[in-house]
Amino acid sequence: MATQLDKTNLLNAYRTMKQIREFEERVHVEFATGDIPGFVHLYAGEEAVATGVCMHLNQRDKIASTHRGHGHCIAKGVDIDAMMAEIYGKRTGSCGGKGGSMHIADISKGMMGANGIVGAGPPLICGAALAAKFKGDQGVGVAFFGDGASNQGTTFESLNLSMVWKLPVLFGAENNGYAESTGVKFNVPTANISDRAAGFGMPGITVDGNDFFAVYEAAGEAIKRARAGGGPTLLECKTNRFFGHFEGDAMTYRAKGEVKDLRERCDALKIFSTQVTSRGLLSQEEMTTIDSEVKAAIDKAVALAKAAPNPTAADLLTDVYIAY
Amino acid sequence: MARKLSFKDAINEAIAQEMERDQSVIVMGEDNVGGAGSPGEMDAWGGVLGVTKGLYPKFGERVMDTPISESAFIGAAIGAASCGMRPIAELMFVDFMGVCFDQIYNQAAKFRYMFGGKAETPVVIRTMIGGGFRAAAQHSQCLYPIFTHIPGLKCVIPSGPYEAKGLLIQAIRDNDPVIFFEHKAMYALKAEVPEEPYALPFGEAKLLRSGEQVTIVAFGLMVQRALQAAEALANNGIDCEVVDPRTTSPLDETTILQSVAKTGRLVVVDEAYPRCGMAADISALVAQKGFESLQAPVIMVTPPHVPPPFNGALEDLYMPDSARIEAAVQSIVK
Ligand SMILES: Cc1ncc(C[n+]2csc(CCOP(=O)(O)OP(=O)(O)O)c2C)c(N)n1
Ligand SMILES: [Mg+2]
């Protein structure tokens, strides 16, 4: 691994990944107490993907996310206090408590929303890219989607449409091996999801999604090309999820000891730490400092969320053209 | 004592018994087996809430997992149905129907009529509806009015385990496409269910409670809430009749009209959106064909015309409950 990233950027990368990890580990714990309502899908294990891609984006650029959206939000700069409050359904949340974990959005940050519908993001991001093209603002759109979502008609159609219209899009396939309980071996007949790009005449690349630098490099090239009018890319990042499909999943479809093994061998944060310390780019102390800052920030987010008020009854009937 | 079964197990038993009786019955859906292509156990899920669990060990490859490709597999179920199979396809949450709607409303629904009676499409599409899970706007809707709107589709909303088993067996044996709406808050609900297979006819409402003063028509989970309300109202000396239409297409107009002819008052309880929903539909029916017997305005008890909210307190306000049904009844009984 050779990197152009300076120290500030390396520290930022680590901080973002750590924030995602800590956020998710904490939501896992808090969910178990029964305080967090609804369906919650955690991103832990996949941090390098959102981080490596979003470090190339600015506020003008747009991302479309999935049901497993917390990591994308954090990497795109959504406020973690507002995110946590939303997950608790509070009035101070990013969606005023009306959306929850599956629908966190912050349009001002270019985060077009987590999504409850698998495969809904790719068409929307084609639209975001089209808007950028018309405005001529050099903006790009990134659609994150899973291995399961790679089989959705909307995804295939978007791959084609983005080529036909030469849109500035990055399709970020997060292959974590599972769609709910079903393995990618069952659902995807090609060796790689990126192999499908060829069918659309689009460049397709597969990288180790647990290696921040691999994701960062590949995404950087694709996004640069998109910005320059070179059209879309399908980037597959092979990664792992450390928790169940959703909170409460007994995971009987996984091998015994699988998650423990993945946490030991394929942890994006551990891999990053080793890479940067062995090359003398960052010190362990610098990262430990970030660890404690991040922990304090998450503690605060949880405390604020718990103490925050619920929406009021009147909120039920707002934010829609008419309610009756 | 007769055997009790949960709503979930009643559905599972209906499928298993029909699969045993008829080799052309097959099951498909996302994670309907669960664990395919994974290193752990097979039959790991049986659908996201476990309704089809145990079918794969019994019936092997007649129970199929599908990729997340609803247009393709719902369309394939419809195509297979028109070629002699009897597929039961699960489309997890009704909210996802948008992804495959063409195959349902332009294809399955139209074949028999459009081909001059020369086609049959005996497909069943099972799907979850309803709120109460804090699952927010894309996982909590009750979209059955959209399907009821389409000629050629049959729409079934079981209100308990007994209805679930009998109506699902009828759905599987029926030669028209049937959409079977299962309220996710009812899966654990238990009631007496006969062990042997039985089919409940479509288009026959069930009178769950007879009364003299007010007719309450309700669907799915709302039937349970209407019964609670009727119970509470009886203690206050108000005598309600509760009607469960069980199917919205075909609709048993006769039972509803006869009940209103007797009581002179109507409250319709529907968890679907109020505009162009079942409550509006039943109100229109009674306005057209039962106007003379009405002694008070018809009252619709529905959510407000907004998407389902995430926050629990808001969702509780959103969904009709027995208190709102009681208040509605009281408002038209002097
Ligand atoms: C249209 C649609 N179909 C099915 C679902 C149910 N569902 C939610 S997540 C999921 C699996 C998604 O797998 P993948 O795309 O690999 O994402 P991952 O969960 O692994 O991040 C399914 C089937 C849905 N939400 N929307
Ligand atoms: Mg996946």
Side-chain angles (χ1 to χ4, degrees), chain A residues 36-39 86 88-91 93 95-103 115-120 146 148-154 156 177-188 245-246 249-256 258 310-313 315-320 322-324, chain B residues 30-48 50 64-73 75 92-93 95-100 102 132-141 273-275 302-318:
Chain A
I36 295 176
F39 296 130
E86 189 57 38
Y88 275 84
K90 296 302 179 71
R91 193 155 204 257
C95 310
K98 289 177 173 180
S101 165
M102 257 191 304
H103 305 296
N115 212 309
I117 305 299
V118 169
S150 77
N151 300 314
Q152 192 64 287
T154 49
F156 290 116
Y178 296 98
E180 296 190 339
S181 73
T182 301
V184 66
K185 284 200 204 77
F186 174 85
N187 271 334
V188 178
H245 170 66
F246 45 42
D249 175 7
M251 291 197 278
T252 55
Y253 52 88
R254 296 187 92 158
K256 291 227 163 33
E258 180 183 324
N310 273 314
T312 64
D315 293 333
L316 180 61
L317 305 182
T318 59
D319 305 321
V320 60
I322 190 166
Y324 43 88
Chain B
E30 287 157 25
D31 302 82
N32 269 9
V33 179
S38 304
E41 290 170 17
M42 281 297 274
D43 197 33
W45 270 28
V48 70
M64 289 184 288
D65 280 324
T66 70
I68 309 175
S69 308
E70 286 91 1
S71 261
F73 84 78
M92 211 177 289
F93 292 89
D95 315 70
F96 310 162
M97 284 284 185
V99 177
C100 53
D102 174 70
F133 272 57
R134 317 316 186 200
Q138 295 176 343
H139 284 72
S140 307
Q141 301 172 92
Y273 303 124
R275 298 298 315 276
T302 68
H305 197 59
V306 305
F310 170 64
N311 174 274
L314 290 192
E315 191 183 27
D316 290 345
L317 270 179
Y318 174 89

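None of the values given here were measured: they were computed from a predicted structure. A, B, ... follow the sequence lines: proteins, then strands. Residue 1 opens every chain.
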*Asks:* Looking at B:Leu317, B:Leu314, B:Val48, which makes the most heavy-atom pairs under 4.5 Å with chain A?
*Replies:* B:Leu314
*Asks:* Determine the option with the most heavy-atom pairs under 4.5 angstrom with chain B, choosing from A:Gly93, A:Gly99, A:Ser150.
*Replies:* A:Gly99
*Asks:* Which one wins on heavy-atom pair count under 4.5 Å against chain B: A:Asn310, A:Thr252, A:Asn187?
*Replies:* A:Thr252
*Asks:* What distance do B:Arg134 atom CZ and A:Ser101 atom OG have between them, rounded to the nearest 0.5 Å?
*Replies:* 15.5 Å
*Asks:* Please give me the minimum heavy-atom distance between A:His103 and B:Ala137, naming the atom from each residue.
*Replies:* NE2-N, 4.3 Å
*Asks:* Give the member of B:Gly34, B:Ser140, B:Gly35 that has the highest number of heavy-atom pairs under 4.5 Å with chain A.
*Replies:* B:Gly35
*Asks:* For B:Glu315, is it the side chain, the backbone, both or neither that has a heavy atom under 4.5 Å from a heavy atom of chain A?
*Replies:* neither
*Asks:* Just wondering, do A:Asn115 and B:Gln138 contact through their side chains at under 4.5 Å, heavy atoms?
*Replies:* yes
*Asks:* So for A:Phe156, is it side chain, backbone, both, or neither that comes closer than 4.5 Å to the heavy atoms of chain B?
*Replies:* neither
*Asks:* Using non-hydrogen atoms and a 4.5 Å limit, figure out which bit of A:Asp249 sits close to chain B: side chain, backbone, both or neither.
*Replies:* side chain
*Asks:* If you look at every heavy atom in A:Ser181 and B:Ser38, which pair is closest and at what distance?
*Replies:* O-OG, 2.8 Å
*Asks:* Would you compute the distance between atom CG of B:Asp31 and atom NE2 of A:His245 and round it to the nearest 0.5 angstrom?
*Replies:* 8.0 Å
*Asks:* Do you know which of A:Gln152, A:Lys256, A:Met251 has the most heavy-atom pairs under 4.5 Å to chain B?
*Replies:* A:Gln152
*Asks:* Taking all non-hydrogen atoms of both residues, which atom of B:Ala135 and which atom of A:Phe39 are closest, and how far apart?
*Replies:* CB-CE1, 3.7 Å
*Asks:* Quick one: what part of B:Pro274 sits under 4.5 Å from any heavy atom of chain A, side chain, backbone, both or neither?
*Replies:* side chain
*Asks:* CD1 of B:Ile68 to CD1 of A:Ile117: how many Å apart, nearest 0.5 Å?
*Replies:* 11.5 Å
*Asks:* Between B:Ser69 and A:Asn151, is any side-chain donor less than 3.5 angstrom from a side-chain acceptor?
*Replies:* no
*Asks:* At a heavy-atom distance under 4.5 Å, which candidate from B:His305, B:Met42, B:Glu30 has the highest pair count against chain A?
*Replies:* B:His305
*Asks:* Checking heavy atoms, do the side chain of B:Tyr273, its backbone, both or neither come under 4.5 Å from chain A?
*Replies:* neither
*Asks:* Which answer fits B:Val99, side chain, backbone, both or neither, if we ask what part of it has an atom under 4.5 Å from a heavy atom of chain A?
*Replies:* side chain
*Asks:* May I ask you to name which of A:Leu316, A:Thr154, A:Val188, A:Val184 has the most heavy-atom pairs under 4.5 Å with chain B?
*Replies:* A:Leu316
*Asks:* Nearest 0.5 Å, please: how far is CD in A:Glu180 from CH2 in B:Trp45?
*Replies:* 4.0 Å
*Asks:* Which bit of A:Thr312 comes within less than 4.5 Å of chain B, counting heavy atoms only: side chain, backbone, both or neither?
*Replies:* backbone
*Asks:* Specify the closest pair of heavy atoms between A:Tyr253 and B:Ala44, including all atoms of both residues, with the distance to one decimal.
*Replies:* CB-CB, 3.8 Å
*Asks:* Who wins among A:Leu317, A:Thr182, A:Val320 for the most heavy-atom pairs under 4.5 Å with chain B?
*Replies:* A:Thr182
*Asks:* Quick one: of A:Ala313, A:Pro311, A:Ala250, who has the most non-hydrogen atom pairs under 4.5 Å with chain B?
*Replies:* A:Pro311
*Asks:* Just verifying a value: how many Å separate A:Phe186 CZ and B:Thr66 OG1, rounded to the nearest 0.5 Å?
*Replies:* 7.5 Å
*Asks:* Rounded at 0.5 Å granularity, tell me how far CE in A:Met102 sits from NE2 in B:His139.
*Replies:* 4.5 Å
*Asks:* For A:Ala149, is it the side chain, the backbone, both or neither that has a heavy atom under 4.5 Å from a heavy atom of chain B?
*Replies:* backbone
